[in-house]
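One structure is given here, and the rest of the page talks about it.
Being a predicted model, the structure only gives us computed values, none of them experimental. In what follows, chains carry the letters A, B, and so on, assigned in the order in which the sequence lines appear, proteins first and then strands, with residues in each chain numbered from 1.
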2 protein chains.
Amino acid sequence: MDNKIFDMENARAQMRKSLLEYCILLAISQGELYASDILSELKADNLIVVEGTLYPMLSRLKSDSLLEYSWKESKAGPPRKYYRLTGEGKRTLEQLTLTWQELTSSINSLIKKYEKNN
Amino acid sequence: MDNKIFDMENARAQMRKSLLEYCILLAISQGELYASDILSELKADNLIVVEGTLYPMLSRLKSDSLLEYSWKESKAGPPRKYYRLTGEGKRTLEQLTLTWQELTSSINSLIKKYEKNN
DNA sequence: ACCCAGTACCTTGCATAAAAAGGTAGTGGG
DNA sequence: CCCACTACCTTTTTATGCAAGGTACTGGGT
């Protein structure tokens, strides 16, 4: 079957490849956000993402049950999908935060070795 | 012409996508290493890379003039290519280290916001 | 003298992922 | 009632990481 929900075993490899998913979960963890909010939030932190990357990723995270959304009306324009973390999303985010900390400590240890030889 | 050597302007986007190149430069910064050395070095720090990824990357870094190599004989087996950083490689590595620090601080600032709401 | 295991280098082809570009539709103002 | 704006989503292109496959040099055993 191999019908994995999120494959935490590979999370480290995943993360090394791409931090985007993690950052998006982090951004949404702040409350209910819709796509444009997420883009500005990440941009404010100098992490550039574009629409064509974000929408497919939100759909994937939704179908993995890490996110859920509700429609809300907007003052000007069409209604918006406001995303929030599910319980599983929160647990996953905490796991990913651990993985992130391990990754940074690995790289920082390499950096230290470099500084010695210089 | 657009004959960029390394496109430092995009280094942040590059890094977000893939930290591998940075880690490889970091590993080589410790001295002269050949491919297997690099693999074990990264593995020791829990950063898994495989041959099929490493060799093309070494070639690219070489043709970007960030690395150079010299052949050395081995006690048992064929000769090895020992890589080291060029001057430009060292400068690039320092730039990338700055970028890495900015990236971690961006993400850590997101993490803090998350912890507040929890 | 010759084969074979071990090591080292490198390339090809595939799967996945990000980005660019293009497409549909609701809303409100003029 | 059209048009600009916003929002959502999909399709196509491009890049990347990896598995697998391929060549070649070496030294030891027979």
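Residues B:Leu58 and B:Trp71 share a single hydrophobic cluster, defined by chaining ILVMFWY side chains whose heavy atoms lie under 4.5 Å apart. Taken together through direct or relayed side-chain contacts under 4.5 Å among Ile, Leu, Val, Met, Phe, Trp and Tyr, A:Tyr55 and A:Leu25 form parts of separate hydrophobic clusters.
Ranking D:dC8, C:dC10, D:dG17 by closeness to the B:Leu20 side chain, first place goes to D:dG17. When distances are taken from the side chain of A:Glu51 to each of C:dG22, C:dC9, D:dC18, the shortest belongs to C:dG22. Listed candidates were D:dG17, D:dC9, C:dA18. Nearest to the side chain of A:Tyr55 is D:dC9. Of the candidates C:dT7, C:dC10, D:dA7, C:dC10 carries the atom nearest the B:Lys81 side chain, counting heavy atoms from C-beta on. Nearest nucleotide to the A:Arg80 side chain, out of C:dT7, D:dC8, C:dA18: D:dC8.
As rounded to whole Å, 14 Å separates atom C1' of C:dA17 from atom CG of A:Leu19. C:dA18 atom P lies 11 Å from atom CG of A:Leu54, rounded to whole Å. We find that CD of B:Glu21 is positioned 16 Å from C1' of D:dC18, with the value rounded to whole Å. For the pair B:Met57 CE and D:dA19 P, the computed distance is 14 Å after rounding to whole Å. B:Ile48 has its CD1 atom 11 Å from the P atom of D:dA19, to the nearest Å. In this structure, the NZ atom of B:Lys43 is 13 Å from the P atom of D:dC18, given to the nearest Å. One atom, NZ of B:Lys72, and another, P of C:dC9, lie 13 Å apart when rounded to the nearest Å. Taking atom CG of B:Leu61 as the reference point, atom C1' of C:dC10 lies 16 Å away to the nearest angstrom.
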Side-chain atoms of residues 34-41 of chain A: list all donor-acceptor pairs with protein atoms under 3.5 Å, sequence neighbours left out, distances to 0.1 Å.
unit_1, atom_1, unit_2, atom_2, d
A:Tyr34, OH, A:Arg80, NH2, 3.4
A:Asp37, OD2, A:Tyr34, N, 3.2
A:Ser40, OG, A:Ser36, O, 2.6
A:Glu41, OE2, A:Gln30, NE2, 3.2
A:Glu41, OE2, B:Lys113, NZ, 2.7

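Using a 4.5 Å heavy-atom cutoff, the side chains of B:Ile111 and A:Trp100 are in contact. Side-chain contact between A:Leu110 and B:Leu47 is present, with heavy atoms from C-beta onward closer than 4.5 Å. B:Tyr22 places a side-chain heavy atom less than 4.5 Å from the side chain of A:Ile107. Between A:Leu66 and A:Leu85 the shortest side-chain heavy-atom distance does not fall below 4.5 Å. Counting heavy atoms from C-beta outward, B:Asn46 and A:Glu102 have side chains that stay 4.5 Å or more apart. Using a 4.5 Å cut-off on side-chain heavy atoms (C-beta onward), A:Lys112 and A:Asn108 make no contact.
Interface residues of residues 32-40 of chain A facing DNA chain D, ordered by number: A:Tyr34, A:Ala35, A:Ser36; criterion, heavy-atom separation under 4.0 Å.
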message = For nucleotides 24-30 of chain D, give me one character per nucleotide, 5' to 3': B if any protein heavy atom sits under 4.0 Å from the base, S if the only such contacts are to the sugar-phosphate, - if neither.
response = -BSS---
